[in-house]
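Structure first, commentary second.
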Amino acid sequence: MQQSTLIKIVSALEAVVLRSFGPEGGQVLFTRDTGQAMLSRSGTCILSALHLEHPLARSVQIPLSVWKHSRGTGDGSKTFILLLASLLRGISKATSRGPSASNANGFTEAAKAAAAPYFANKLLKLASSDLDDLIAVNVVPYGFCVSLEDFTTHSGRLLLASFFHTRVSHVHCSYLSELTCELLNRWKYKSDLPYISFQFLSDNFPALHTPVSGFPVSSSRLIEGQVIHRDFATPCLPITPESSIVHFSAWTERSLESVIAELQSFGVSLLLSAVKQSDAAVALATQAHMSLVECVSEEELTLFVQLSGVTPVSRGCTIQLEHVAALSLCRPILLGTDFFVSKVNPCSLVICGPGEEQTDQYICAIRDAVCMLMTIWEPKHTSETTASCGTLQSEKGTASLDMTPTANKPYGLKKCVFEPGCVIPAGGTFEFLLSRALPNPSSDTNGLPSVSQLLANALLSVPRQIYSHSPKLFLQAQTRIMSLVQNPSNPFSFGLKESTPGPMVDLGLESVTCKYQLILAVVQCATSVLRVDTVLHTRTALHTQSKKHTIFSRASTEDEAED
Amino acid sequence: MALNGDDEDYEWEPPTEAEMKVIQARRERQDKISRLMGDYLLKGYKMLGECCDACGTILLQDRQQKNYCVSCQEMDSDIDKDNPALNAQAALSQVRERQLAAQTPEVNDAPSSSSSTQASGSVPQPRPEHCEGAAAGGRTPLPPPAVPPPSAPVPATPLPSARPPAPPQSSVFSPVLQDAEEAVLTKLRWATAQLQSSASLEASIQLCSLISSCANSLRSLKELSQ
């Protein structure tokens with residue numbers, strides 16, 4: 001496989017995301033011919049919106065979106081591309097230090113072709129086995145742990161603010177981080193383990209937020225109860241605290257009257273329906289003084305079921321007490337120009353924005369923030385997740401990818417090896433410390449540069465890009481951190497306790513776990529693309545206009561049959 | 001394994017300064033190509049699964065299903081700058097090289113050279129500043145016969161300098177000009193043949209513009225050789 005082609009592709013993707021990278025990055029506005037627009041600084045959103053047909057480009061694009069959606073960290077996709085590009089360029093440079101021009105070119109190419117997967121395998125080995133120890137010894141001591149009880153204090157807000165700084169305009173960072181802190185606080189009661197409540201929030205986020213366009217973002221707030229994004233089909237009737245509700249999945253007209261009678265016997269006053277009911281049903285419900293909400297979405301119903309503990313009534317089922325939930329409050333609310341129904345105890349987030357695009361951007365940012373927090377507070381020694389592996393195999397698209405290595409090395413191997421809540425000052429600190437900690441042998445046994453040096457150089461590209469507007473700041477940051485490392489008794493050190501954070505913390509905070517998983521994912525992606533030997537163009541019967549590309553990879557999958 | 005064996009062939013030496021410059025120039029060119037490609041991707045172009053036949057860059061496709069190669073169509077070619085027929089700077093360098101090679105046998109050119117220098121009234125350097133990428137021009141030593149620069153056959157970049165009187169050393173130029181004329185005539189013949197067989201309006205328009213630019217080039221070359 002031509003390494004140069006691969007590097008060109010990844011460099012083009014890097015050029016796309018670099019504009020939005022870092023706290024100083026810009027936003028990208030995508031427009032469709034229909035007039036619909038999307039505003040984003042999220043690397044995954046930007047890359048997913050590009051039209052990429054080259055199979056190698058898609059082999060980078062797809063894992064990124066899969067990684068994000070399947071319990072990825074919610075953050076770091078631009079850094080992913082940056083690191084991947086630097087790593088591939090470093091490997092190419094190392095493999096091109098071949099014989100001088102006087103020798104036959106064929107030998108150089110063959111050596112190059114063999115060297116790249118060699119490097120990739122060594123890198124993977126380094127990342128899987130030694131990286132976590134290196135980080136634990138050389139990086140973690142310079143950070144500190146934020147406990148969830150103290151999350152709502154300075155450090156937690158700082159962590160969220162530095163995340164939002166890379167996603168939304170800096171004007172709204174602090175407000176959004178306050179809002180998210182409040183939301184997390186309100187949902188903390190759910191369980192003792194903070195991770196569970198973060199996971200709950202993340203899974204049910206679609207049902208827990210309401211976007212409202214046309215208002216300034218400062219109008220966003222939390223409101224009591226769960227918001228059902230539908231208006232009443234019947235005129236709204238006052239609900240007393242003793243009222244109860246039941247929701248239906250479907251029912252037939254023939255038994256309408258008997259069903260209504262049965263509901264009345266239970267004292268039901270509100271019906272939630274997943275489908276649209278007939279006029280007769282609506283009329284009967286009105287007559288029986290029951291309020292009806294139709295076309296409730298799946299996610300909202302699921303959330304309601306989870307919160308209230310009832311089961312929905314399905315077709316053919318008779319109504320039992322287990323289908324009836326008690327609620328304390330039910331009222332219509334007007335958000336923007338839409339009517340909604342609000343009920344029960346928990347709180348829901350209303351996010352406002354001047355336009356639809358900005359509102360979507362804030363929603364994405366908050367959702368990714370929750371995802372990131374979930375990763376940070378994941379309990380130690382969680383079992384290996386092969387979520388990415390499974391979803392990769394189900395993602396076919398136009399390319400039939402065989403990049404998932406064999407079963408003994410699943411893509412996305414993630415073990416939580418650090419204490420939950422471990423954070424470190426942002427601004428390149430992690431990269432400086434880790435690049436310094438990586439071993440630097442004078443030469444490899446084969447006379448080739450060492451993979452740890454390759455990784456160290458690639459890591460340094462991140463702070464270089466952060467400070468790209470001022471190279472002087474890069475050198476200053478590097479000097480400051482190196483002096484701290486060499487002089488640990490310095491009074492201006494980072495501070496190991498949250499109560500004495502030190503001046504470095506003003507740069508913002510970032511999570512060690514997220515960074516570690518990011519590096520793992522980058523190395524795995526680099527390994528899988530470097531293992532590709534050749535790309536064959538085939539034509540399928542279905543898609544005569546387009547070509548289907550098949551990738552063949554080597555080594556451990558020699559006996560792979562063609563698709 | 002190829003990496004371990006053949007140690008006697010595998011003696012890596014650091015690249016020389018010239019090689020470093022070439023490597024650096026190539027890297028900058030690649031960076032520029034990546035940036036341009038990124039721009040186009042953000043504009044909605046599609047990255048195809050094919051590479052350009054000429055330069056190996058990944059092809060892009062616009063909304064109108066037209067394929068586009070960033071490096072061929074937008075950037076100056078890596079090697080075109082060395083082609084005397086297309087680049088005034090390269091032509092000038094070639095002329096100077098030939099003159100340096102022929103310098104020692106020439107002994108009777110001093111009077112005519114000084115007169116032509118004064119006649120042209122230009123700076124001692126033979127107008128490389130007016131050529132594209134003129135910085136290198138200042139470094140080479142001025143050959144004793146002042147020579148006017150050959151005008152670029154590409155009509156899009158006319159030289160602002162006045163045409164100086166033809167030097168007596170026209171024999172040095174004619175191979176270069178003849179090559180250039182040959183190339184342009186070949187292209188003209190090809191374009192004419194294509195035009196006769198072309199059925200598409202767009203292609204015909206483009207071929208006609210090619211023919212007119214070939215004609216302009218020939219006119220400039222003929223003026224130069226006079």
Side-chain angles (χ1 to χ4, degrees), chain A residues 2 4-5 7-19 28-33 46-47 49-58 61 85 89 93 95-104 107-108 110-115 118 398-399 445-448 535 537 545-549, chain B residues 1-16 18-20 22-24 26-53 55-65 67-72 74-75 78:
Chain A
Q2 284 288 334
S4 56
T5 313
I7 289 175
K8 277 177 199 165
I9 294 171
V10 181
S11 302
L13 295 180
E14 187 194 20
V16 168
V17 298
L18 270 186
R19 298 143 192 268
V28 182
L29 176 69
F30 290 98
T31 49
R32 282 212 176 110
D33 294 337
I46 295 173
L47 287 173
L50 298 178
H51 301 292
L52 298 174
E53 248 189 35
H54 199 291
L56 285 177
R58 288 186 63 75
Q61 186 190 39
R89 277 196 285 263
K93 204 166 134 187
T95 56
S96 64
R97 288 167 68 183
S100 55
S102 56
N103 285 15
F107 177 72
T108 314
K112 262 164 107 162
Y118 163 77
T398 58
T445 49
N446 291 332
L448 295 165
V535 174
H537 297 251
Q545 294 302 321
S546 67
K547 293 181 189 170
K548 179 178 160 194
H549 304 283
Chain B
M1 184 163 134
L3 284 171
N4 287 332
D6 300 327
D7 280 325
E8 59 273 23
D9 295 327
Y10 195 84
E11 281 175 13
W12 181 77
E13 293 151 4
T16 63
E19 283 173 11
M20 279 301 294
V22 169
I23 292 172
Q24 179 71 10
R26 275 210 197 115
R27 198 181 302 153
E28 279 169 12
R29 189 186 144 82
Q30 284 306 322
D31 286 344
K32 205 163 160 208
I33 291 178
S34 303
R35 257 198 312 272
L36 283 171
M37 234 195 281
D39 284 342
Y40 280 111
L41 283 174
L42 281 173
K43 280 186 195 156
Y45 280 52
K46 193 195 289 190
M47 181 192 272
L48 296 179
E50 294 141 8
C51 294
C52 174
D53 296 326
C55 58
T57 315
I58 316 278
L59 283 174
L60 299 172
Q61 192 184 69
D62 63 8
R63 305 279 185 92
Q64 283 80 35
Q65 311 291 326
N67 288 2
Y68 185 76
C69 174
V70 170
S71 75
C72 289
E74 218 170 289
M75 294 194 51
D78 216 1

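Just so we're clear, the structure is a prediction, and the values are computed from it rather than from any experiment. Just so it is clear: chains get the letters A, B, ... in the order the sequence lines come, proteins before strands, and each one is counted from 1.
With contacts defined as side-chain heavy-atom distances shorter than 4.5 Å, the pair A:R19/B:L42 qualifies. Counting heavy atoms from C-beta on, the side chains of B:I33 and A:K8 never come closer than 4.5 Å.
Comparing A:L18, A:V10, A:I7, A:L50 by how many heavy-atom pairs each has under 4.5 Å with chain B, the most go to A:L50.
Between A:L47 atom CG and B:L41 atom CG the span is 9.5 Å, to the nearest 0.5 Å. The CD atom of B:E50 sits 13.0 Å away from the OG1 atom of A:T5 when rounded to the nearest 0.5 Å. Note that CD of A:E53 and CG of B:L59 are 11.5 Å apart. Values are rounded to the nearest 0.5 Å. With rounding to the nearest 0.5 Å, the separation of CD in B:Q30 from CZ in A:R89 is 10.5 Å.
Across every non-hydrogen atom of B:R63 and A:D33, the tightest pair is NH1-OD1, 3.5 Å. Among all heavy-atom pairs drawn from A:A15 and B:G38, the shortest one is CB-CA, 4.3 Å. Of all non-hydrogen atoms in B:G44 and A:H51, the two that sit nearest each other are O-CD2, 3.4 Å.
With sequence neighbours left out, the ring-ring contact (aromatic ring centres under 6.0 Å, His included) criterion links B:Y45 to B:Y40.
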Item to check | Residue pair B:M47, A:I9: steps toward the side-chain contact (heavy atoms from CB on, under 4.5 Å) verdict | outcome: CA-CA 9 Å; B:M47 181 192 272; A:I9 294 171; 4.1 Å; yes
